[in-house]
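The structure appears right after this line, and notes come after that.
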Amino acid sequence: MGWKKTLWELISKLQEIFNNRELAAGIWIIILFLFSIFSKEFRKFYKKIFPILLKKNIIIAFLIFIVYYCIAIRILFILGFWELNLLKDSIFWFLFSEIPLLFSVISKGKDKYFFLKILRESMAFAVVVDFILNVWSFNFFIELLIVPIVIIITAFSAYSGRKKEFANVKKFCDYVFMFYGITVIITVGVHLLTDMNDIINIRSLKELLFPIFILIFNLPLMYGFSLYNIYEQIFAIMDKNKFTKKIAIIKFAKASITKAYAARTDSSIILSLKETDDTILKNNLINLKSKLKLKIGDNYMKRSNFYIITSLLFFIVFTVILGLSIENILNLSFIYEYKDLIDYLSGFGMLFSVFSFVYSIGLKMKKNEDLSLVKKYALFNFFYLINRQYKTLEEFPSFEKPDILFSNYIQIAYELIEECASNTELLENLLKSYEWDSVRKLQNSLYKLRASIGIEEKEFEEFNSEKFLSYYYIKKDKSPKNGDWNLFESNIETSINEYIESIKNVYNEFRKYINYKEY
């Protein structure tokens, strides 16, 4: 009986720090980790992953990140925000948010828009809702039962969502999640009405704001890691005269991640990195610089953004000056004589900053409307094809019916290949960096689909549904096979699924430009 009492005491102490959901998740993580140690397949995985994690560059990067994270927390502590009861949140945020975010930033951080998107997501209303839903949890043993059930149902839902024959399983999983969600919302609602003080207090506010503050502190380091990663990719391509070429690249991009990524993806720059003559690289960098300056998508809003930032900065400066007691800080009599004038100018400056900010916002909205109209009309056919393809997407593509694949996907895909090829410069010029990146991913999926099908654009003009059906079965018969598996069919299925995902991403990216009435 003594071990039971000790166990309950331990659980009670842990419940003072962690809620029941966190405890249940932690216990299952420990159980799965212990199970994996005795699993032969997992041991093989650990043997592969640990040498990668123990590489010198990875260790140095983690040490820098940990030190920087601790410095950020120390600054918050000095400012009076961080306190000991945020230790749990600090550790959890670092392990389950900061580290995955760091890897995501290094692999996907290619322009300033990516980092702005991270900030917007961290300050979104959904974050507040998620925080409120996680304030309370069920009984410990109920949570211990719920955690594995949720994981299993999530896995079933993800797997069944890819197979047409498991559509009913997917629906059942969706209903279970809906029931669970409603139950959690009702439980939280009851607690909000009965125990409002548990959430509306300084401690809860700090727990909500901590991730936002720590993310703002850590973004410069993440930006630096991402920039360094792109530079390393560029330097790895170089064969000769590495030092002079590195200097040329650094002078061109400096601290701009957009310029560095542009140099990394520009074909002429990549080819000139392998050339012996440095002047070729320098000339290509000059051409790329001019090309980036002419990009409407990235440059059209620069002036209005500059006005907005400047207005905010001036407002902050004038507010600080007006709020300070100059005679107490500087204790200089000649400054005290001009205090009324300084207060008057500061007040006028604040008022002017507010009007300037309002004007800048209006200017940005006007310029954004103008640019949106230009994009809609200049890229009308591209948006039309994206919208047309999106409307024909099926929940489960008819891979067993090549004629339907032809009419629903392949025919439109070849039209998109031609549209992108003929308007590449226009797309690159009008679109912002992140928009153009999504189009490039679409182009890659289109080229893979064309390679899987094996029909060139000029030849495809002669194809109709019947001719494609005949072509499809001839290719299928000639393709290598193993039982029910066929290489040609497998490649078609893989490339179409990738193409569908690209279409969804591009559609969601350009939804604001697509006018349904016109299409």
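In this structure, Ile249 CD1 and Leu285 CG are separated by 4.5 Å, a value rounded to the nearest 0.5 Å. Summarising the geometry, atom OG1 belonging to Thr258 is positioned 8.5 Å from atom CD1 belonging to Ile230; distances are rounded to the nearest 0.5 Å. To the nearest 0.5 Å, the span separating CG on Asn283 from OG on Ser272 amounts to 9.5 Å. A distance of 9.0 Å separates CD of Gln411 from CG of Asn464, quoted to the nearest 0.5 Å.
Annotation for Gln389 and Tyr409: closest pair OE1-O, 3.3 Å, computed over non-hydrogen atoms. The heavy-atom pair separating Ala248 from Leu281 by the smallest distance is CB-CD2, 4.3 Å. Residues Leu227 and Ile257 come closest through the heavy atom pair CD1-CA, 3.8 Å. Contact record, Gln443 with Cys420: NE2-CB, 3.4 Å, taken as the closest heavy-atom pair. Residues Leu426 and Ala378 share a closest heavy-atom pair of CD2-O, 3.6 Å. Closest approach of Tyr499 and Ile412 over heavy atoms only: OH-C, 4.2 Å.
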Q) Is there a side chain to side chain contact (heavy atoms under 4.5 Å, CB included) between Phe235 and Ile250 once you walk through the steps? A) CA-CA 10 Å; Phe235 298 158; Ile250 291 171; 4.2 Å; yes
Q: I would like to know whether Lys476 and Glu489 meet salt bridge (Lys or Arg N to Asp or Glu O under 4.0 Å); could you show each step before the answer?
A: CA-CA 7 Å; Lys476 179 183 174 182; Glu489 281 186 318; 3.2 Å; yes
Q: Start with the C-alpha distance between Leu292 and Phe252, add both sets of side-chain angles, then the distance that settles side chain to side chain contact (heavy atoms under 4.5 Å, CB included), and finish with yes or no.
A: CA-CA 12 Å; Leu292 291 175; Phe252 165 75; 4.0 Å; yes
Q. What's the verdict on salt bridge (Lys or Arg N to Asp or Glu O under 4.0 Å) for Arg450 and Glu457, showing C-alpha distance, side-chain angles and the deciding distance?
A. CA-CA 9 Å; Arg450 181 183 62 185; Glu457 290 91 326; 2.4 Å; yes
Q: Give the intermediate values and the outcome of side chain to side chain contact (heavy atoms under 4.5 Å, CB included) for residues Tyr231 and Lys246.
A: CA-CA 9 Å; Tyr231 270 130; Lys246 284 181 180 180; over 6 Å; no
Q. Taking it one step at a time, do Glu425 and Lys291 satisfy salt bridge (Lys or Arg N to Asp or Glu O under 4.0 Å)?
A. CA-CA 10 Å; Glu425 291 185 1; Lys291 183 179 177 182; over 6 Å; no
Q) Passes side chain to side chain contact (heavy atoms under 4.5 Å, CB included), Phe382 versus Leu416? Steps please. A) CA-CA 7 Å; Phe382 174 75; Leu416 272 170; 4.2 Å; yes
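Ring planes of Tyr307 and Tyr359: tilted class, angle from 30 to 60°. Relative orientation of the Phe510 and Tyr513 rings is tilted, given thresholds of 30° and 60° on the angle between their planes.
Using a 4.0 Å cut-off between a side-chain N of Lys or Arg and a carboxylate O of Asp or Glu, Glu462 and Lys467 qualify as a salt bridge. Between Glu415 and Arg388, at least one side-chain N (NZ, or NE/NH1/NH2) sits under 4.0 Å from a carboxylate O, which counts as a salt bridge. Between Lys375 and Glu435 there is a salt bridge, since a side-chain N of the basic residue sits under 4.0 Å from a carboxylate O of the acidic one.
In this structure, Asp437 and Tyr261 have side chains that are in contact, with non-hydrogen atoms separated by less than 4.5 Å. Taking the side chain as every heavy atom from C-beta outward, Phe314 and Phe357 never approach each other to under 4.5 Å. The closest side-chain heavy-atom distance from Leu76 to Ile214 is below 4.5 Å.
Asn408 and Thr392 share no donor-acceptor pair across their side chains, judged by distance under 3.5 Å alone. A donor atom on one side chain and an acceptor atom on the other are not found under 3.5 Å apart for Lys441 and Asn505. Side-chain contact annotation: Ser502 with Glu498, donor-acceptor N/O pair under 3.5 Å absent. Between the side chains of Lys302 and Asn299, at least one donor N or O sits under 3.5 Å from an acceptor N or O.
Figure legend: cation-pi geometry between Lys367 and Tyr300, with NZ or CZ positioned under 6.0 Å from the six-membered ring centre and within 45° of its axis.
Exactly one residue among Tyr390, Phe383, Tyr384 makes a side chain to side chain contact (heavy atoms under 4.5 Å, CB included) with Ile514. That residue is Phe383.
Taking the six-membered ring where the residue is Trp, the centroids of Phe65 and Phe94 are separated by under 6.0 Å.
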